[in-house]
Amino acid sequence: IQMTQSPSSLSASVGDRVSITCRASQSIGTYFNWYQQRPGKAPKLLISEASSLESGVPSRFSGSGSGTDFTLTISSLQADDFATYYCQQSYSSPYTFGQGTRLEI
Amino acid sequence: QLQLQESGPGLVKPSDTLSLTCALSGGSISSTSYYWGWIRQPPGKGLEWIGSIYYSGINYDNPSLKSRVTISADTSKTHFSLKLTSVTAADTAVYYCARHRVGMTDAFDVWGPGTMVTVSS
């Protein structure tokens, strides 16, 4: 299953509301996750099952979607949020990730 | 608090076998709710799932790696390992181990810091 994120990069400012989208090449229900990766660090799971916020993740992050189209929204960007975001399908093996969206100041 | 730590050679010669270990602290791989996985990331590129293993030894891996992968779990349940045979420069990457939560919220929810492996003569 191919995962396609858009945009590939995004420039924004602190306080902005931003959205990143991910499209699956076939329907995957809500077997879908979002990760955040800061430079030089391991990815961090933000949202699972398309819209379930992981423990400790700020409420400004939210996820939506099902089937083939999914969205990650950050309601009010903080300095900590500038990172690369990856989507991932967990519907079937081989598990696949999107190519990433780099969120820049 | 579960922590994972990858270890292994940072430099591997072409055609050799890459061997990495992921050590657990604060947990055991014998939990029924989790698999344990390997993911890699070539420099400047995205993430690729390599494979996952259950404590019983049941495992599955990415067909794109053409059967070069062996993932094993230690019987002491404190670490699991990755072997990748016949490596080439294309296998140069940061290799991460991760806890693979299964079920409706199937996701990689705890990650090691990663270890860089370079394939070069």
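Throughout, protein chains are lettered first and strands after them, A, B, ... in sequence-line order, and every chain is numbered starting at 1.
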Open item on the list: Quick check: is B/Leu82 connected to B/Leu65 through a chain of hydrophobic side chains (ILVMFWY, heavy atoms under 4.5 Å apart)?
Closed with: yes
Task: Euclidean distance, B/Asp109 CG relative to A/Lys44 NZ, rounded to 0.5 Å - done: 12.5 Å
Task: Cluster check A/Tyr91, B/Tyr35: I/L/V/M/F/W/Y, side chain < 4.5 angstrom - done: no
Task: Contact origin within B/Phe108 toward chain A - heavy atom pairs under 4.5 Å - done: both
- [ ] State plainly whether one hydrophobic cluster holds both A/Ile28 and A/Leu72, where clusters connect Ile, Leu, Val, Met, Phe, Trp and Tyr through side-chain heavy atoms under 4.5 angstrom apart.
- [x] yes
TODO: Heavy-atom pairs under 4.5 Å with chain B are the metric here; pick the option from A/Thr30, A/Asn33, A/Thr84 that has the most.
DONE: A/Asn33
- [ ] Could you state whether A/Val14 and A/Leu10 fall into the same hydrophobic cluster, counting links through intermediate Ile, Leu, Val, Met, Phe, Trp or Tyr residues with side-chain heavy atoms under 4.5 angstrom apart?
- [x] yes
Task: Residue part contacting chain A, namely of B/Ile50, when any heavy atom lies under 4.5 Å - done: neither
Open item on the list: Tell me if the CD atom of A/Gln26 is crowded by more than 12 foreign heavy atoms within 6.0 Å.
Closed with: yes
TODO: Supply the atom-to-atom distance A/Ile47 CD1 to B/Thr105 OG1, rounded to the nearest 0.5 angstrom.
DONE: 13.5 Å
- [ ] Please determine, among A/Gly40, A/Ser48, A/Ala42, the option with the most heavy-atom pairs under 4.5 Å with chain B.
- [x] A/Ala42
Open item on the list: Tell me whether the count of non-hydrogen atoms from other residues, nucleotides or ligands lying under 6.0 Å of OH in B/Tyr54 goes above 12.
Closed with: yes
TODO: Rounded to the nearest 0.5 Å, what's the gap from CG on B/Leu47 to CD on A/Gln88? Could you check?
DONE: 9.0 Å
TODO: Answer yes or no: is there a donor N or O on one side and an acceptor on the other, between the side chain of B/Asp106 and the main chain of A/Tyr31, under 3.5 Å?
DONE: no
Task: Residues from residues 95-105 of chain A approaching chain B under 4.5 Å (heavy atoms) - done: A/Tyr95, A/Phe97
Task: Transitive ILVMFWY side-chain link A/Tyr35 to A/Ile1, under 4.5 Å - done: no
Task: OG on A/Ser93 to CH2 on B/Trp49, rounded to 0.5 Å - done: 3.5 Å
Open item on the list: Measuring only between side-chain heavy atoms, which start at C-beta, is B/Pro63 closer than 4.5 Å to A/Pro94?
Closed with: yes
Open item on the list: For B/Tyr96 versus A/Lys41, what's the shortest heavy-atom pair and its separation?
Closed with: OH-O, 3.3 Å
TODO: Please look at A/Phe32 and chain B and tell me whether the side chain, the backbone, both or neither of the residue comes under 4.5 angstrom of a heavy atom of that chain.
DONE: neither
Task: Spacing of A/Ser90 atom OG and B/Arg101 atom CZ [to the nearest 0.5 Å] - done: 9.5 Å
Open item on the list: Give me the atom names and distance for the closest heavy-atom approach of B/Gln41 to A/Tyr86.
Closed with: NE2-OH, 3.2 Å
